[in-house]
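Below: the structure, in structure tokens.
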Amino acid sequence: MSVTKKDEGVKRAVSSVMKKDEVEITELYNTSQKILIACVGDFSYAHLIATTLGDASNIVVISQCGCVGELEMMYENARSHMLDLTKLGATIVFNVDFRDFAKDSRINHMRFDRIILDMSDQRK
């Protein structure tokens with residue numbers, strides 16, 4: 001299969017967008033900040049932040065879903081994103097009500113420098 005000029009142009013455009021996202025992330029966040037990310041979708045934005053920073057040990061990701069299986073049924077990439085996040089050191093907490101997360105005993109003792117609400121929903 002040969003690669004056309006159009007294919008090469010698309011690859012360059014996608015690469016350019018990804019690099020732009022990485023620059024914006026590194027301008028907004030760093031590994032010394034404690035970051036809470038509330039995810040509604042497949043954890044893709046949390047994944048992007050963690051992989052761009054290269055270390056997620058100061059990142060806590062919360063989800064309203066009750067378990068991994070529930071996410072897997074709705075989102076094709078959820079498991080791989082969660083695996084990568086945990087390999088990078090992130091903490092993932094399920095079954096958290098976003099409106100009352102400060103009352104959740106699993107995370108209410110933590111303090112965060114940044115709180116991000118990721119409303120992107122990439123359903124199958």
Side-chain angles (χ1 to χ4, degrees):
M1 180 175 173
S2 64
V3 176
T4 66
K5 286 188 178 192
K6 182 179 178 183
D7 293 334
E8 289 173 2
V10 169
K11 285 180 185 177
R12 277 195 302 275
V14 169
S15 177
S16 175
V17 168
M18 290 175 66
K19 286 178 184 172
K20 182 177 182 260
D21 288 344
E22 290 174 8
V23 168
E24 290 174 359
I25 287 169
T26 56
E27 288 174 356
L28 295 171
Y29 314 112
N30 64 62
T31 56
S32 67
Q33 296 169 325
K34 289 288 288 177
I35 302 171
L36 173 70
I37 306 173
C39 291
V40 173
D42 69 352
F43 292 61
S44 59
Y45 191 60
H47 183 263
L48 178 64
I49 291 171
T51 55
T52 299
L53 296 178
D55 176 17
S57 57
N58 282 337
I59 296 177
V60 176
V61 183
I62 60 174
S63 174
Q64 291 181 319
C65 289
C67 64
V68 175
E70 188 178 331
L71 283 167
E72 285 181 319
M73 288 189 319
M74 294 186 294
Y75 306 103
E76 185 176 330
N77 295 317
R79 178 174 283 283
S80 66
H81 288 163
M82 286 185 283
L83 288 172
D84 288 347
L85 284 163
T86 55
K87 285 177 186 174
L88 288 167
T91 300
I92 300 175
V93 184
F94 293 99
N95 202 23
V96 177
D97 184 343
F98 295 166
R99 295 166 295 189
D100 289 329
F101 74 87
K103 295 178 184 174
D104 190 300
S105 63
R106 295 168 294 173
I107 57 174
N108 67 358
H109 61 283
M110 300 178 189
R111 299 291 173 249
F112 299 98
D113 300 305
R114 300 285 186 270
I115 298 176
I116 303 165
L117 178 58
D118 175 19
M119 298 299 291
S120 59
D121 190 348
Q122 306 79 15
R123 292 196 190 236
K124 288 182 179 178

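Here the structure is a predicted model, which is why all the values come from computation and not from measurement.
- Within the 4.5 Å cutoff, the side chain of Ser63 has no heavy atoms near those of the Glu70 side chain.
- Here CZ of Phe101 is found 11.5 Å from CE of Met110. Values are rounded to the nearest 0.5 Å.
- Residues satisfying the side chain to side chain donor-acceptor pair (under 3.5 Å) test with Thr86, not counting sequence neighbours, are none.
- For the atom pair CG (Asn77) and CE (Met82), the distance works out to 10.5 Å, reported to the nearest 0.5 Å.
- Identified under the ring pair (Phe, Tyr, Trp, His ring centres under 6.0 Å) test for residues 53-73, with sequence neighbours left out: none.
- When side chains are defined from C-beta on, Val68 counts as touching Arg79, because their heavy atoms get closer than 4.5 Å.
- When the side chain to side chain donor-acceptor pair (under 3.5 Å) test is applied to Asn108, no partner is found at least two apart in sequence or on another chain.
- Listed by chain and residue number, Tyr29, Ile35, Ile37, Tyr45, Ile49 satisfy the side-chain contact (heavy atoms from CB on, under 4.5 Å) test with Ile116 (two or more places apart in sequence, or in another chain).
- For Asp104, the salt bridge (charged side-chain N to carboxylate O under 4.0 Å, His left out) partners are Arg106, not counting sequence neighbours.
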**Step-by-step side chain to side chain contact (heavy atoms under 4.5 Å, CB included) determination, Thr26 to Thr52** = CA-CA 7 Å; Thr26 56; Thr52 299; 3.8 Å; yes
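- The CD1 atom of Ile92 sits 8.5 Å away from atom SG of Cys39, with the distance rounded to the nearest 0.5 Å.
- With sequence neighbours excluded, the residues satisfying side-chain contact (heavy atoms from CB on, under 4.5 Å) with His47 are Thr51, His81, Asp84.
- For Asp97, the salt bridge (charged side-chain N to carboxylate O under 4.0 Å, His left out) test picks out Arg99, with sequence neighbours left out.
- Placement of Ile59 and Leu28 within a single hydrophobic cluster is found when ILVMFWY residues are connected by side-chain heavy-atom separations under 4.5 Å, directly or transitively.
- Distance CG/Asn30 to CD1/Ile25: 12.5 Å, rounded to 0.5 Å.
- Rounding to the nearest 0.5 Å places CG of Asp42 at 11.0 Å from SG of Cys65.
- Ala50 approaches Leu85 most closely through the heavy-atom pair CB-CD2, 3.6 Å.
- Listed here is the closest heavy atom pair of Gln33 and Arg114: NE2-NH2, 3.0 Å.
- Residues Asp113 and Ser32 approach most closely at OD2-O, 4.1 Å, considering heavy atoms.
- Ser57 meets the side-chain contact (heavy atoms from CB on, under 4.5 Å) test with Asp55; sequence neighbours excluded.
- Residues Val60 and Val40 fall within the same hydrophobic cluster, defined by Ile, Leu, Val, Met, Phe, Trp and Tyr side chains chained together at heavy-atom separations under 4.5 Å.
- Hydrophobic clustering, with ILVMFWY side chains joined whenever heavy atoms are under 4.5 angstrom apart, groups Met74 together with Phe94.
- One distance of note links CD1 of Ile62 with CZ of Phe43; it measures 9.5 Å at 0.5 Å rounding.
- Partners of Ser105 by side chain to side chain donor-acceptor pair (under 3.5 Å), not counting sequence neighbours: none found.
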